[in-house]
**Q** 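Supplied in C-alpha cells, the structure appears directly below.
If you're wondering where the values come from, they're calculated on a predicted model, not measured in any experiment.
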Amino acid sequence: MAKLCVLLFGTTVSYAQVSSAQDSLSKQPVQLDEVLVEGKQKTDPVFSTFKSEPEKKIVQSKNVADLFKDINGFNLIKRGNYAIDPSFRASQYEQLNVQFNGGTKVMHACPNRMDPITTHVIPEEIERVEVVKGPYTFRYGPTFGGIVNLVTQEVEKQEKGYHGKVNFGGENNGSAITSFANVKYVGEQFDANLNFGFRDFGNYEDGDGNEVPSSFKSTDYGVQVGYNPTDNQRIQIGFRQSFGRDVLHAGLPMDTEEDNSNVLSVDYKLDNISDALRTLSAKVYRSKVDHIMTNELRPTFMMMEAVSVVDATTLGGRVELEWRPVKNLKLYTGIDAFSVGRTGNRTRLVKRNMMTGEPLPMPMEFVDEVWQDSQIDDYGAFVEGKYPLSEKFLLNVGARYDRVQSKIDAPADDFVAEYPDLDTRTEHNFSTTASMKYMAKSNLLFELAYGRGVRSANMIERFINHFTVGQDPYEYVGNPNLDAEINNQFELGVKANASFDGYAVNRLDYGASVYYSIYDNYIVPVIDPSLDKKYMPMAEPTEVKRFVNLDEAYKTGFEIFGELGFLEDFAFKTELSYVYAKNQDLDESLPLTPPLVTRFNLWFEQEKIWARATYTLTSEQLDVASSFGEETTDGYGVVDLSFGAKPFEHLTVGIAASNIFDVAYNNHLNFSFVNQADYGRVPINDPGRNLSAFIQYSF
C-alpha cells in the first residue's frame with residue numbers, strides 16, 4: 001500500500017518504512033506472480049486499485065464478497081447471507097474475471113449460483129483485494145468488465161521463523177460466531193502455511209424485526225507449502241477445502257444441504273534467467289465443487305420433493321515469459337488454458353396433483369438433466385508490452401486470442417428438438433487494449449485507456465433447459481448459438497494529492513474517473529413466445545425466456561473520491577459511484593444496474609487505536625429492466641460505527657455497530673423471496689441493527 005502511495009501521491013516516509021522491513025531479510029525472496037497491483041509505475045495495469053487491512057474490519061464477513069462492499073464502484077448481489085456475488089460497474093458473474101492468487105478459479109456447480117467462488121476461500125485468509133477496472137490487461141485470462149484478484153497470505157515475504165494468529169468474532173443479529181486460526185513457518189528455503197476457519201450464522205432480522213431465513217455453517221482449511229531450490233526459483237503447492245452445510249437461501253427456490261469444494265494449485269517461478277529473458281512463471285490448478293440442494297424446508301415440499309445433485313470440475317493453468325528485448329521495454333508473452341465441466345440432475349417426486357392438490361395414489365418420479373453434461377474449454381495466448389515513452393509517459397499495449405470450444409454430451413430430447421445441430425462449437429475471440437499513464441508531476445497522475453474485452457457465453461446462457469435461474473420467476477432456456485459479447489470501453493482518470501505543512505489540514509488526496517462502454521452482442525434473456533413452459537405450465541408466469549444477443553447497448557458512469565487529512569490522526573473521505581446502462585433494443589435499463597452510491601467516512605487512527613464512522617447513502621433506482629422483472633427501489637441511508645485497539649503487542653480487539661438506526665431497506669440488486677412460507681415475492685431486506693465483537697491474538 002505504501003508503494004502505491006509513492007507512485008500516486010509521493011509519500012516518501014511510508015516507502016522508507018516498507019524498505020526497512022524488507023532489508024531485514026537475509027535475502028530477497030522470489031515472489032510468485034500473485035500480484036496484479038504492486039504500486040510500481042512500470043508494472044501496474046492502468047486504472048487499478050486494491051484494498052487491504054482486513055484485521056481492522058471488525059464486522060465479520062459472511063463470505064469473501066463482503067470485502068468488496070466498501071470499495072468504490074462495487075455492489076453486492078444477495079440471495080441471502082451466503083451466496084453473495086460482487087458486481088462492479090453493473091458487470092457481474094462471468095463478466096468479471098474473479099480469481100485468486102493471479103489465476104486460480106473455482107467455478108460454481110449450482111445453476112442458481114448458491115456456491116460462487118467467494119464461498120470457497122476463507123475471508124480472513126485474504127490479505128488484500130486487487131481490482132483492474134476494465135479490459136486493460138489480458139495476462140490473467142479473458143476479461144470483459146474487469147479483473148478481481150483475491151490475494152491470500154504471501155508467506156515468502158514475511159520474516160523468518162514461526163508466526164501465527166487465532167481470532168474469534170461474534171454478532172448479535174443472527175447469533176453469528178466466526179473463528180480462524182493460522183500458523184506459518186518461514187525459513188531460508190522452505191515455508192509452510194496452515195489455515196482453519198469456522199463460521200456459524202443464524203437467521204438475521206431486518207430493520208422491521210422480520211426474520212430472514214439465511215442461516216448457514218461453513219468449515220474451511222488450507223495448506224500451502226513453498227520451496228526455493230535456488231536463489232532465483234520458487235515452487236509453491238496449495239490445497240484447500242471448504243464445506244458448506246445447512247445453507248438457507250431466502251431468494252432461491254431451494255436450500256443447500258451440502259456444498260463441498262477442493263482446490264489444488266501448483267506455482268513455479270524462475271527469475272533472473274538472462275538479460276533478454278528475465279522471468280518464467282507457471283501455474284496449474286484443479287478445483288472441484290460437489291453440491292446438493294433440496295426443497296425439504298419449503299412449502300412446495302408437501303406437493304413435490306426435489307433434490308438436485310450437481311458438480312463442477314475446473315482445470316486451468318498458465319505459462320508466462322517476461323522479456324527485456326530492449327532497454328526499458330517490458331514484454332510479456334504467454335499461454336493459458338481454462339476448462340469447466342458440469343454434470344448432475346434433479347430428481348422430483350410428485351406427491352399431489354398440481355391442479356387439485358389431492359394426494360396421488362402413487363407418487364411419480366421425474367429426473368431432469370440440470371447441466372446436460374456440458375463443457376467449455378478456453379485456450380488463450382497473449383502479448384503485452386510496457387514502455388516509457390519519456391520520464392512522464394508510460395505506454396501499455398496488449399492483445400489476446402482465445403479459442404473457445406463448447407459441447408453438450410447428454411442433451412434432453414426437447415433441447416435437441418429446439419437445437420438439432422448440437423455439435424462441438426469453436427469460437428475465435430480477439431481482445432486488444434492500449435493505455436497511457438502521464439505523471440504530470442510527482443503528485444499528479446493522468447490515465448487514459450481503451451480496452452476491447454470479449455466474453456463467450458457461459459454454460460447457463462448456452463445450455464440451461466427450462467430452469468429458473470434469474471431474479472424473476474421465469475423459466476430460462478439457453479442458446480448454444482450465442483455470439484460472444486464485446487465491451488469496447490474508454491476511460492479517463494486523474495489522481496492527485498497536496499500537502500499542507502504547518503496547518504490543521506495537512507493533506508488532500510483526490511481523484512476521479514469517467515468511462516463509456518459500447519456493447520456488441522450483449523447477452524440477455526428475453527421472453528420468447530415460441531417457447532412453452534415445461535414445469536407447472538399453468539402457474540404464472542406462463543412465458544419462457546431465451547438468452548439472445550442485443551444489437552445495441554451501452555454503459556457509462558463515473559467514480560469520484562476525495563480524502564482530507566487533518567490534525568495528524570484524523571481523515572474524512574467522500575466517495576461517489578454512478579453507472580447508467582441502456583438496452584436500446586428494448587428501450588430500458590440493462591438488468592442489475594445499481595443506483596448512485598455516496599459514502600462518507602470519518603476515521604481516527606493511531607498505531608494502537610483506531611475508530612471509523614461510515615454513512616452510506618444509496619439513491620433510489622428508477623431506471624430498471626422491466627423485462628427482467630425489476631421494480632424501482634427506494635433510496636436509504638445507513639450509518640456504521642467501528643472501534644479497534646491493540647492494547648498489547650500481540651492482541652487486537654474491536655467492536656462495531658452496523659445500521660445503528662435499524663433502518664429497514666433493500667438494495668436494488670437483492671433477490672426477492674422465493675418459495676418461502678411467510679413471504680410473497682418481495683425483495684429481501686438487508687440486516688437491521690447488528691453489534692459485533694472481535695478479538696485476535698498473534699505471535
Side-chain angles (χ1 to χ4, degrees), residues 21 51-67 81-82 100-101 118-129 150-172 174-187 190-202 216-226 236-245 261-263 607-612 642-656 658 690-699:
K51 179 186 178 184
S52 189
E53 296 186 309
E55 293 178 1
K56 295 184 178 181
K57 186 176 178 60
I58 309 301
V59 179
Q60 323 311 314
S61 297
K62 279 67 176 177
N63 69 18
V64 171
D66 264 353
L67 303 177
N81 231 9
Y82 184 78
F100 60 90
N101 293 340
T118 52
T119 64
H120 302 296
V121 186
I122 308 173
E124 290 83 359
E125 191 182 358
I126 303 300
E127 288 198 341
R128 63 181 180 273
V129 177
L150 309 170
V151 182
T152 60
Q153 299 173 34
E154 297 169 299
V155 180
E156 70 273 18
K157 297 198 303 183
Q158 301 185 10
E159 294 183 359
K160 300 294 188 290
Y162 289 94
H163 310 280
K165 60 184 175 182
V166 58
N167 63 49
F168 298 92
E171 299 181 1
N172 76 316
S175 302
I177 298 174
T178 68
S179 60
F180 176 74
N182 166 251
V183 62
K184 61 178 72 74
Y185 167 76
V186 184
F190 174 81
D191 53 77
N193 187 37
L194 174 63
N195 298 302
F196 176 82
F198 174 75
R199 330 180 76 72
D200 186 351
F201 281 77
F216 69 89
K217 297 181 179 69
S218 66
T219 305
D220 308 77
Y221 77 89
V223 181
Q224 178 182 295
V225 177
Q236 181 173 293
I237 301 174
F239 180 76
R240 57 169 45 87
Q241 285 189 296
S242 298
F243 308 95
R245 294 292 184 271
S261 70
N262 61 76
V263 186
E607 184 179 358
K608 298 291 186 179
I609 189 173
W610 58 91
R612 179 186 293 262
S642 63
F643 170 82
K646 198 169 185 177
F648 308 106
E649 182 180 358
H650 301 291
L651 184 67
T652 303
V653 296
I655 57 175
S658 304
N690 185 30
L691 305 179
S692 305
F694 173 84
I695 183 169
Q696 174 174 286
Y697 177 78
S698 60
F699 61 90

**Q** Going through the checks in order, is the side-chain contact (heavy atoms from CB on, under 4.5 Å) test met by Q153 and Q224?
**A** CA-CA 10 Å; Q153 299 173 34; Q224 178 182 295; over 6 Å; no

**Q** Start with the C-alpha gap between I609 and F643, add the side-chain angles, then the distance that decides, and say whether side-chain contact (heavy atoms from CB on, under 4.5 Å) holds.
**A** CA-CA 8 Å; I609 189 173; F643 170 82; 3.5 Å; yes

**Q** Start with the C-alpha gap between F100 and V263, add the side-chain angles, then the distance that decides, and say whether side-chain contact (heavy atoms from CB on, under 4.5 Å) holds.
**A** CA-CA 11 Å; F100 60 90; V263 186; 4.1 Å; yes

**Q** Once you round to the nearest 0.5 Å, how far does OH of Y697 lie from NZ of K165?
**A**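 NZ of K165 is found 14.0 Å from OH of Y697.
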
**Q** At their closest point, which heavy atom of P647 faces which heavy atom of V653, and how far apart are they?
**A**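 Nearest pair, atom of P647 first, then V653: CD-CG2, 4.2 Å.
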
**Q** Minimum heavy-atom separation for L150 and V129, please, with both atom names.
**A** CD2-CG2, 4.1 Å

**Q** Only one of T118, V151, V121 forms a side-chain contact (heavy atoms from CB on, under 4.5 Å) with I126, so which one is it?
**A** V121

**Q** Kindly give the heavy-atom pair with the smallest separation between F216 and S218, and that separation in Å.
**A**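 So the two residues come closest at CE1-OG, 4.1 Å.
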
**Q** Looking at CG of N81 and CZ of R199, how far apart are the two atoms once the value is rounded to the nearest 0.5 Å?
**A** 10.5 Å

**Q** For a quick test of reading the model, state the closest non-hydrogen atom pair linking N63 to Y82 and the distance between them.
**A** ND2-O, 2.5 Å

**Q** Would you name the heavy atoms of Q241 and N262 that are closest together and state the gap between them?
**A**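 Minimum heavy-atom separation between Q241 and N262: CG-CB, 3.6 Å.
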
**Q** Between T178 and F201, does a side-chain contact (heavy atoms from CB on, under 4.5 Å) hold up when you go through it step by step?
**A** CA-CA 8 Å; T178 68; F201 281 77; 3.7 Å; yes

**Q** Taking all atoms of both residues into account, what is the closest heavy-atom pair of E649 and K608, and its distance?
**A**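 Closest approach of E649 to K608, heavy atoms only: CA-NZ, 4.5 Å.
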
**Q** Roughly how far, to the nearest 0.5 Å, is CG of N195 from CD1 of I122?
**A** 5.0 Å

**Q** Flag the pair F196 / Y221 as yes when their ring centroid distance falls below 6.0 Å, and as no otherwise.
**A** no

**Q** When you look at N182 and K184, which way does the side-chain hydrogen bond (donor to acceptor under 3.5 Å, both in side chains) test go after all the steps?
**A** CA-CA 7 Å; N182 166 251; K184 61 178 72 74; 2.6 Å; yes

**Q** Look up atom CG in N101 and atom CD in E154, then write down how far apart they are to the nearest 0.5 Å.
**A** 7.5 Å

**Q** For F699, look at atom CZ and say whether over 12 heavy atoms of other residues, nucleotides or ligands are found less than 6.0 Å away.
**A** yes

**Q** From S692 OG over to N172 CG, what is the distance, rounded to the nearest 0.5 angstrom?
**A** 7.5 Å

**Q** Does R240 come within less than 4.0 Å of E125, counting only side-chain N to carboxylate O?
**A**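 Yes, R240 and E125 are salt-bridged.
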
